[in-house]
Amino acid sequence: MQENILNAFAEQAKTMYSPMSKFNSLFVENMEKLTEYQINAVKSYAEMGLSQMKSAADVQDLESMRTFASSQAEVASGMNKKIMEDVKTLSDMTMEFKTQMEGIMEEMRNTAAETAKTTAKTASKAKAA
């Protein structure tokens, strides 16, 4: 009888910790994606900045100054577009993570309900024996 109770407890522990394991895996996977994305974004912004510094360093006369100044509106527009794309991508990543977390939370609720039922049945069988 005690062996049945211990086996039931061990099985319940496995099913209860399974969603936590999934949560940890999801969290690590999401952090890897986010870190990789941020590294690429920083690299992209650094390249844009360095490109602008090189363009500014090439200014040697009035004509090259006019060309540089007129290109700044286009550069600013490109930078703004890049920032908006990055914000959207981060938002999409966050929503995907949220959806996956909600799925795990639902699974945890279902597992907890099943565990409670199983525990109740095991306890009633133990009392009957």
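We number each residue from 1, following the sequence as shown.
Side-chain atoms of Lys22 and Leu26, non-hydrogen and from C-beta on, never get closer than 4.5 Å to each other.
Going from atom CG of Asn30 over to atom NZ of Lys98 covers 14.0 Å, rounded to the nearest 0.5 Å. The line from CZ of Phe97 to CE of Met31 is 9.0 Å long, rounded to the nearest 0.5 Å. Thr67 OG1 to Gln72 CD: the interatomic distance, rounded to the nearest 0.5 Å, is 11.0 Å. Rounded to the nearest 0.5 Å, atoms OG (Ser25) and CD (Gln100) are 11.5 Å apart.
No donor-acceptor pair under 3.5 Å is formed between the side chain of Ser51 and the backbone N or O of Glu47. Side-chain atoms of Ser44 never come within 3.5 Å of backbone atoms of Asn40 as a donor-acceptor pair (strictly under, hydrogens ignored). The closest donor-acceptor contact from the side chain of Ser77 to the backbone of Ala73 lies at 3.5 Å or more, if one exists at all. With hydrogens and angles disregarded, no donor-acceptor distance shorter than 3.5 Å links the side chain of Thr35 to the backbone of Glu32.
For the pairing with Asp86, the side chain to side chain contact (heavy atoms under 4.5 Å, CB included) check across Met84, Lys88, Lys82 returns one residue only, Lys82.
Under a hydrophobic clustering in which Ile, Leu, Val, Met, Phe, Trp and Tyr are joined whenever their side-chain heavy atoms come within less than 4.5 Å, directly or via other members, Phe23 and Met105 fall into the same cluster. A continuous path of hydrophobic side-chain contacts links Met48 to Val87 [ILVMFWY only; heavy atoms under 4.5 Å]. Ile83 and Val75 are assigned to two separate hydrophobic clusters, defined by single-linkage of ILVMFWY side chains at heavy-atom distances under 4.5 Å.
Heavy atoms of other residues, nucleotides or ligands lying less than 6.0 angstrom from CE of Met79 number more than 12. Within 6.0 Å of atom CD in Glu102, more than 12 heavy atoms from other residues, nucleotides or ligands are found, so the atom counts as buried in its surroundings. Heavy-atom neighbours of Phe27 CZ from other residues, nucleotides or ligands within 6.0 Å: at or below the threshold of 12. Heavy atoms from other residues, nucleotides or ligands lying under 6.0 Å from CE of Met93 number more than 12.
Comment: Arg66 engages Glu63 in a salt bridge, judged by a side-chain N to carboxylate O separation of less than 4.0 angstrom. Between Asp58 and Lys54, none of the side-chain N atoms (NZ, or NE/NH1/NH2) sits under 4.0 Å from a carboxylate O, so this pair counts as no salt bridge. Salt bridge present: Glu106 and Arg109 bring a charged side-chain N and a carboxylate O closer than 4.0 Å.
Closest heavy-atom contact between Phe68 and Ala56: CE1-N, 3.6 Å.
Side chains of Asp61 and Ser64: a donor on one and an acceptor on the other come within 3.5 Å.
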